Amino acid sequence: MRLFVPVALLLATAACTDYGFSGAEKPPETPAETGEDPGRPDGPGRPPECPAPEVGALTSSIDESCEVEWTAGTFTPVIEWRDSSMGDSYATPVVGQLTDDDGNGVVNEDDIPDIVVVGTGGNITAVSGDGTGRHWQVSGYGSEPPTAAIGDVTGDGWPDVVVAGNNAIDALDGRSGAVLWRNTDNGLGTLLICGGVGVYDLEADGVAEVVFGNVIIDGRNGTIRGRGAHGKGTGHSSPYAAFGVAADVTGDGVLEVVVGNALYDASGVALWYNGQPDGFVAVANFDADPQGEIVVTTYPGVVRLQDDDGTVLWSGPFTGSTIGPPTVADFDGDGAPEIGVAGNNVYVVIETDGTLKWSQGVNDASSGFTGSAVFDFEGDGRAEVVYADEDNVWVFDGATGSVKLQETNHSSATCSEYPVVADVDQDDHAEIVFTSSRYSGSESGVTVIGDADSSWVRGRTVWNQHAYNIVNIENDSLLPSVNLPNWPSYNNFRSGDVSAVAGNSQGDAMPYEPDICTVECEAGHLYVTLRVANGGTAYLPENLKSALYTFRGGSWSLLTVIEVPYAIPPGATSEGFVVDLDPADVPAGRLLFVVDDDGEGHGQVDECHEDNNTLEITEGLCP
């Protein structure tokens with residue numbers, strides 16, 4: 001293949017409804033609509049000798065089974081199972097794939113998810129998400145160790161568990177708990193207490209990094225790669241609870257390490273430092289530009305919003321003396337992100353412009369810097385807040401703060417932990433997972449709550465770290481090979497909502513029959529026009545990747561990857577992507593088009609159907 005040219009070949013300007021899209025809106029601001037030339041080889045939009053291909057805003061069939069009409073569930077949470085055998089814990093439980101449960105030789109999203117619990121006495125325990133028992137337990141990580149992280153950091157294709165405590169940061173084999181490497185020169189000290197590990201491939205080069213506060217570690221061997229000179233990602237008044245947070249704030253395809261007052265590159269060099277107090281952070285988009293903004297929470301109870309260059313956009317006191325890591329989501333369904341944060345005896349939600357939306361009294365005077373999660377359990381477009389204090393696990397209505405659940409079978413001395421939301425037993429319904437420690441009551445270990453009527457919507461099977469933001473981990477607990485910002489598709493942080501639309505709906509990426517031009521085969525050109533169709537009932541996210549393969553030497557070999565830069569509506573296709581192939585690159589006369597594939601076999605989205613993503617092309621190619 002000599003040339004890959006993404007081409008927006010919109011040959012008509014009619015609205016999508018004119019193509020029978022069942023009312024779906026046409027993807028906005030495509031190059032054909034704006035008049036921009038995306039770099040076509042000859043200007044008019046097609047090879048000069050090929051007839052105009054039938055591409056553009058075409059209709060696609062919709063599978064109505066991808067939409068379950070939403071009706072208000074009874075919201076009857078029940079405890080599905082509890083395991084207190086690992087003892088006390090006030091760290092965030094993390095969820096991912098660790099074991100090959102179906103015996104197919106790989107760990108992937110078809111296996112039962114697993115839960116890793118960090119105990120206050122230094123025990124790390126991995127249990128099956130369906131409650132059937134323990135996989136392994138290791139010890140020796142001191143008192144109050146931080147939240148662990150799940151992801152393949154060593155590069156062997158199997159998820160690892162990265163843990164810390166007792167002045168060490170370790171990578172453990174996810175299958176057995178065996179130590180793969182240990183780092184003891186991180187210098188974080190008490191910042192390890194109550195903090196959280198982050199795992200990322202910062203530069204999308206296939207080499208993972210472990211990020212803890214301002215320290216960046218090579219995931220292959222545990223050596224220090226860099227150390228930032230300014231903030232460490234903690235908003236505590238004492239040197240406790242640092243967090244590894246990374247995001248593509250600048251939109252350049254490379255993740256930056258984000259702390260409260262600085263932005264570091266993958267080597268720990270400060271890209272900027274704004275002189276503000278350090279803090280806990282979350283990253284999302286709060287304005288019209290494509291870059292992300294940084295939410296910072298810091299002692300004494302201050303929340304501020306910073307632009308991508310560190311400029312403070314607004315700041316104000318909200319929770320008193322202490323404050324926890326922020327959560328970002330569309331709490332009320334108005335299309336704009338809000339900020340949720342806990343402090344001493346209060347939980348507050350703050351509007352995009354920095355004004356208070358609502359507050360709810362809670363019982364947490366022991367730490368006052370716990371976190372929270374957000375999830376739309378009923379699929380009605382209104383998120384719920386999941387939060388735990390010393391005595392209760394709460395679910396608050398995101399729009400009003402009214403109480404939807406008060407689970408009293410909980411006790412905690414509280415640190416920076418929060419309950420997470422994931423489908424931990426593969427039943428296609430989300431569950432709430434939280435830890436407990438004997439403090440105000442006798443509860444300990446890990447507890448899983450589900451809905452008695454199975455009315456909660458589907459959740460992902462992963463929540464791999466404290467600084468979770470959907471795009472930082474694949475469904476098989478491997479790290480993404482391409483770094484995408486969260487906000488074009490989700491615009492949330494510490495939220496499990498993969499769709500902002502109402503209803504229990506999902507997109508369904510499918511290959512659309514390609515347009516093929518062979519009139520220039522003798523000149524060495526085989527033109528294939530590829531499109532991605534959406535047969536589901538929810539939008540497919542922006543920047544969805546799909547791969548084209550050729551069959552040679554007895555196996556499929558990657559030719560190229562296309563990326564659709566806009567969301568694809570239900571019942572629609574993307575516009576055309578013209579791939580110029582050398583016929584010699586198709587020696588067996590076989591091509592394979594795989595949608596929702598980054599070229600390395602990794603998908604980006606949970607789909608309604610995962611078994612209709614491939615199309616083999618054997619007809620109409622060059623002789």
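The shown structure was predicted, so the numbers you read here are calculated from the model rather than taken from an experiment.
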**Prompt:** Could you go step by step and tell me if N491 and D330 meet the side chain to side chain contact (heavy atoms under 4.5 Å, CB included) rule?
**Reply:** CA-CA 8 Å; N491 206 25; D330 183 1; over 6 Å; no

**Message:** Just verifying a value: how many Å separate I150 CD1 and I473 CD1, rounded to the nearest 0.5 Å?
**Reply:**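 Atom-to-atom, I150:CD1 and I473:CD1 are 8.0 Å apart.
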
**Item:** Distance in Å, I432 CD1 paired with I79 CD1, rounded so as to fall on 0.5 Å steps
**Value:**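 Separation between the atoms: 11.0 Å.
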
[X] and [Y]: side chain donor to acceptor below 3.5 Å:
| X | Y | value |
| --- | --- | --- |
| D63 | H609 | yes |
| R494 | N469 | no |
| D160 | T154 | yes |
| N363 | D391 | yes |
| T125 | N123 | no |
| S436 | E443 | no |
| S412 | E390 | no |
| D111 | Q97 | no |
| T400 | S402 | yes |
| N472 | N464 | yes |
| W158 | D152 | no |
| R82 | T447 | yes |
| S437 | S89 | no |
| Y141 | D170 | yes |
| T414 | D364 | yes |
| N344 | S321 | yes |
| R134 | S85 | yes |

**Message:** Holding to salt bridge (Lys or Arg N to Asp or Glu O under 4.0 Å), I want the full list of residues that pass it with R175, two or more places apart in sequence or in another chain.
**Reply:**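 Expected list: D173.
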
**Prompt:** Going through the distances and angles, do L305 and F286 end up as a side chain to side chain contact (heavy atoms under 4.5 Å, CB included)?
**Reply:** CA-CA 9 Å; L305 183 67; F286 287 80; 3.8 Å; yes

**Prompt:** What heavy-atom pair brings V385 and W358 nearest, and what distance separates the two atoms?
**Reply:**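 Looks like CG2-CZ2, 4.3 Å.
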
**Request:** Might you point out which heavy atoms bring S128 and D114 nearest each other, and give the distance in Å?
**Result:**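 For S128 versus D114, the nearest heavy atoms are CA-OD1, 3.6 Å.
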
**Request:** Would you check if the distance from the ring center of Y418 to the ring center of Y387 is below 6.0 Å?
**Result:**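 Ring centroids of Y418 and Y387 are no less than 6.0 Å from each other.
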
**Request:** Could you walk me through whether K404 and E378 pass salt bridge (charged side-chain N to carboxylate O under 4.0 Å, His left out), step by step?
**Result:** CA-CA 12 Å; K404 300 188 70 169; E378 298 161 292; 2.4 Å; yes

**Item:** Y240, OH atom: more than 12 neighbouring heavy atoms under 6.0 Å
**Value:**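 No - once you tally the heavy atoms of other residues, nucleotides and ligands closer than 6.0 Å, there are 12 at most.
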
**Asked** Passes side chain to side chain contact (heavy atoms under 4.5 Å, CB included), V341 versus V348? Steps please.
**Response** CA-CA 6 Å; V341 63; V348 301; 3.5 Å; yes

**Request:** Could you walk me through whether V162 and V153 pass side chain to side chain contact (heavy atoms under 4.5 Å, CB included), step by step?
**Result:** CA-CA 8 Å; V162 184; V153 297; 4.0 Å; yes

Do [X] and [Y] have side chains that approach each other closer than 4.5 Å (heavy atoms only, starting at C-beta)?
| X | Y | result |
| --- | --- | --- |
| P93 | V420 | yes |
| V471 | Y490 | yes |
| N534 | L540 | yes |

**Prompt:** When the ring planes of F369 and H236 are compared, do they come out parallel, tilted or perpendicular, using 30° and 60° as the limits?
**Reply:**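 F369 and H236: perpendicular rings.
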
**Asked** What is the ring orientation for Y347 with F396, classed by angle as parallel under 30°, tilted 30 to 60°, or perpendicular over 60°?
**Response**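 Answer is tilted, since the angle falls between 30° and 60°.
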
**Asked** Are any side-chain N or O atoms of E610 and backbone N or O atoms of E607, one a donor and one an acceptor, separated by less than 3.5 Å?
**Response**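 Yes; at least one donor-acceptor contact below 3.5 Å.
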
**Message:** Enumerate the disulfide (SG to SG under 2.5 Å) contacts for residues 364-443, please, sequence neighbours excluded, ordered by first and then second residue.
**Reply:**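 Pairs touching residues 364-443 that pass the test: C194-C415.
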
